[in-house]
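Read the structure below first, then the notes.
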Protein chains: 2
Amino acid sequence: MSLTDTSQHSNCSAMSDVLNRIGDKWSVLVVGMLGQNGVLRFNELKRLINGVSQRMLTLTLRNLERDGLVTRTIYPEVPPRVEYSLTELGKTLQVPISALWDWSAENHGAIVEARAIYDARETAVAADNSRKIAYARG
Amino acid sequence: MSLTDTSQHSNCSAMSDVLNRIGDKWSVLVVGMLGQNGVLRFNELKRLINGVSQRMLTLTLRNLERDGLVTRTIYPEVPPRVEYSLTELGKTLQVPISALWDWSAENHGAIVEARAIYDARETAVAADNSRKIAYARG
DNA sequence: CAGCATCCTATATGATACTG
DNA sequence: CAGTATCATATAGGATGCTG
């Protein structure tokens, strides 16, 4: 299937399903980190991904493992050691994710700017409506 | 910035911010539909995107407009006509989204398969644990 | 170290009714 | 047609404490 073949775009189900999984708050960041670093332990990932809670990192990794995107290797040692890495399928996902990452880095500024303009306009409209209401009241 | 420049990957904020907006349930589908069809009215979008509620389509379009990705053109007619299309910024977003769309179409089958295998293994482990508990009890 | 279990809250989403 | 307003709910996500 080529990039110009839009026939699949008519059927949203596959895209929706994938987005429901990788579109959460942490999955893309986990895949990104594993793509960069290759193999990472649980707490290494937790340190790299700023703000993720232990619970959410666990859930995210389980989901990615379930979807065949991440491998989980347990070493029966004391203290326990668990290593995560991308599967071959996970590595292919790196490509579109990386594209999105680069787009974000390039265009985040423009988005922030657009938001500021939009919000300023909305605030002005709200103020205008207040004046109209005050005028209508008397 | 090149695709191989991973320095931006260390700073998750831009990516997180973009993902928080386009990572919701409908934004990517809206952008995809507008990218395919060029200009669409509200109810045309609603018909194309299966399952979206009026409320969520409105909210999604407002957010995309606020971020400078979608333009909203009102024609002061009766009945009212409102047309949506991608901005230039929105069109550039089409590229990484299209890549993700194609990846989904190609690899959704593998994900479904991986889930089935994972779930079967989990079920087996659960059954095994039940037996162990039964053994311990009796 | 790498988690699991529990409780709690915020938010996203949906359903429904109404409107210029 | 293209919304807005309100209510209801499911779920994502966070905080905390405990464990092998």
Side-chain angles (χ1 to χ4, degrees), chain A residues 12 16-30 33-34 39-67 70-85 122 125-126 129 132-133 136, chain B residues 12 16-30 33-34 39-67 70-85 122 125-126 129 132-133 136:
Chain A
C12 304
S16 290
D17 194 26
V18 171
L19 279 174
N20 279 341
R21 182 49 43 92
I22 70 163
D24 61 37
K25 199 170 178 180
W26 305 111
S27 291
V28 165
L29 296 176
V30 168
M33 288 303 163
L34 290 176
V39 177
L40 289 172
R41 298 178 63 170
F42 185 86
N43 277 328
E44 288 175 336
L45 270 168
K46 191 168 185 308
R47 272 188 295 272
L48 284 171
I49 301 173
N50 213 294
V52 68
S53 66
Q54 189 177 50
R55 170 191 155 81
M56 287 315 298
L57 183 55
T58 300
L59 287 177
T60 302
L61 286 167
R62 285 303 171 283
N63 284 333
L64 291 172
E65 186 194 1
R66 177 170 179 260
D67 284 4
V70 159
T71 60
R72 178 170 179 261
T73 310
I74 310 171
Y75 296 89
E77 306 171 356
V78 178
R81 180 163 57 103
V82 179
E83 288 184 349
Y84 293 92
S85 62
E122 289 302 290
V125 170
N129 286 341
K132 283 178 185 167
I133 291 169
Chain B
C12 305
S16 291
D17 194 25
V18 171
L19 279 175
N20 279 341
R21 182 49 40 95
I22 71 164
D24 61 38
K25 198 169 176 180
W26 306 110
S27 291
V28 165
L29 296 176
V30 169
M33 289 302 163
L34 290 176
V39 177
L40 288 172
R41 298 176 65 167
F42 185 87
N43 276 330
E44 288 175 336
L45 270 169
K46 190 168 185 308
R47 273 189 294 273
L48 284 170
I49 300 173
N50 212 293
V52 68
S53 66
Q54 189 175 48
R55 170 191 157 81
M56 287 315 298
L57 183 55
T58 300
L59 287 177
T60 302
L61 286 167
R62 286 301 170 286
N63 284 333
L64 291 172
E65 185 193 3
R66 177 171 179 258
D67 284 5
V70 159
T71 60
R72 177 169 180 263
T73 310
I74 309 172
Y75 297 88
E77 307 170 355
V78 178
R81 180 162 56 105
V82 180
E83 288 183 348
Y84 294 92
S85 61
E122 288 301 290
V125 170
N129 285 341
K132 282 178 186 166
I133 291 168

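Chain identifiers are assigned alphabetically (A, B, ...) following the order of the sequence lines, protein sequences preceding nucleic acid strands; residue numbering begins at 1 within each chain.
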Next item on the list: Before giving the answer on side-chain contact (heavy atoms from CB on, under 4.5 Å), spell out for Leu59(A) and Arg55(A) the whole-Å C-alpha distance, their side-chain angles and the decisive distance to 0.1 Å.
Entry: CA-CA 6 Å; Leu59(A) 287 177; Arg55(A) 170 191 155 81; 3.9 Å; yes
Checklist line | Closest heavy-atom pair and its distance - Tyr84(B), Val70(B) | finding: CD2-CG1, 3.8 Å
Next item on the list: Using atom CD of Glu65(B) as one end and atom P of dA2(D) as the other, report the distance to the nearest whole Å.
Entry: 15 Å
Identify each donor-acceptor pair in which a side-chain atom of residues 46-54 of chain A lies under 3.5 Å from a protein atom, sequence neighbours left out, and give them as a table.
{"from": "Ser53(A)", "atom 1": "OG", "to": "Met56(A)", "atom 2": "N", "distance (Å)": "3.2"}

Notebook entry, point to check: Of all heavy-atom pairs between Ile22(A) and Val28(A), which one has the smallest distance, and what is that distance?
Noted result: O-CG2, 3.3 Å
Note to self: How long is the straight-line distance from CG of Leu64(B) back to OG1 of Thr71(B), given to the nearest 0.5 Å?
What the structure shows: 11.0 Å
Item checked: Value in whole Å for how far the P atom of dG20(D) lies from CD1 of Ile74(A) -> 16 Å
Next item on the list: Nearest 0.5 Å please: distance from the NZ atom of Lys25(A) over to the CG atom of Leu19(B).
Entry: 11.5 Å
Check: Atom CG of Asn43(B) and atom P of dG3(D): how far apart are they, to the nearest Å?
Finding: 9 Å
Notebook entry, point to check: Going 5' to 3' on DNA chain C, which nucleotide is the first and which the last to come under 4.0 Å of a heavy atom in chain B?
Noted result: dT13(C) to dG20(C)
Check: What do the steps show when you test Leu45(B) against Met33(B) for side-chain contact (heavy atoms from CB on, under 4.5 Å), and what is the final call?
Finding: CA-CA 7 Å; Leu45(B) 270 169; Met33(B) 289 302 163; 3.9 Å; yes
Notebook entry, point to check: Does anything in residues 76-84 of chain B reach DNA chain C, meaning a heavy atom under 4.0 Å, and if so which residues?
Noted result: Pro80(B)
Check: For the helix from dC1(C)-dG20(D) to dG20(C)-dC1(D), what angle lies between the axis at the first five pairs and the axis at the last five pairs, to 10 degrees?
Finding: 50°
Notebook entry, point to check: Quick one: Leu61(B) CG to dG3(D) C1', roughly how many Å, whole number?
Noted result: 11 Å
Quick one: side chains of residues 73-80 of chain B, donor-acceptor pairs under 3.5 Å with protein atoms, not counting sequence neighbours, listed by atom name and distance.
{"from": "Tyr75(B)", "atom 1": "OH", "to": "Glu83(B)", "atom 2": "OE1", "distance (Å)": "3.2"}
{"from": "Glu77(B)", "atom 1": "OE1", "to": "Arg81(B)", "atom 2": "NE", "distance (Å)": "3.3"}
{"from": "Glu77(B)", "atom 1": "OE2", "to": "Arg81(B)", "atom 2": "NH2", "distance (Å)": "2.8"}

Next item on the list: Apply side-chain contact (heavy atoms from CB on, under 4.5 Å) to the pair Arg66(B) and Arg21(B), showing each step before the final yes or no.
Entry: CA-CA 11 Å; Arg66(B) 177 171 179 258; Arg21(B) 182 49 40 95; 3.8 Å; yes
Item checked: Smallest separation among heavy atoms of Thr60(A) and Val30(A), with atom names -> CG2-CG2, 4.0 Å
Return the polar atom pairs (N/O with N/O) between nucleotides 9-16 of chain D and the protein under 3.5 Å, or none.
{"from": "dG13(D)", "atom 1": "OP1", "to": "Lys25(A)", "atom 2": "N", "distance (Å)": "3.1"}
{"from": "dG13(D)", "atom 1": "N7", "to": "Arg55(A)", "atom 2": "NH2", "distance (Å)": "3.1"}
{"from": "dG14(D)", "atom 1": "OP1", "to": "Lys25(A)", "atom 2": "NZ", "distance (Å)": "3.2"}
{"from": "dG14(D)", "atom 1": "N7", "to": "Arg55(A)", "atom 2": "NE", "distance (Å)": "3.2"}
{"from": "dG14(D)", "atom 1": "O6", "to": "Arg55(A)", "atom 2": "NE", "distance (Å)": "3.1"}

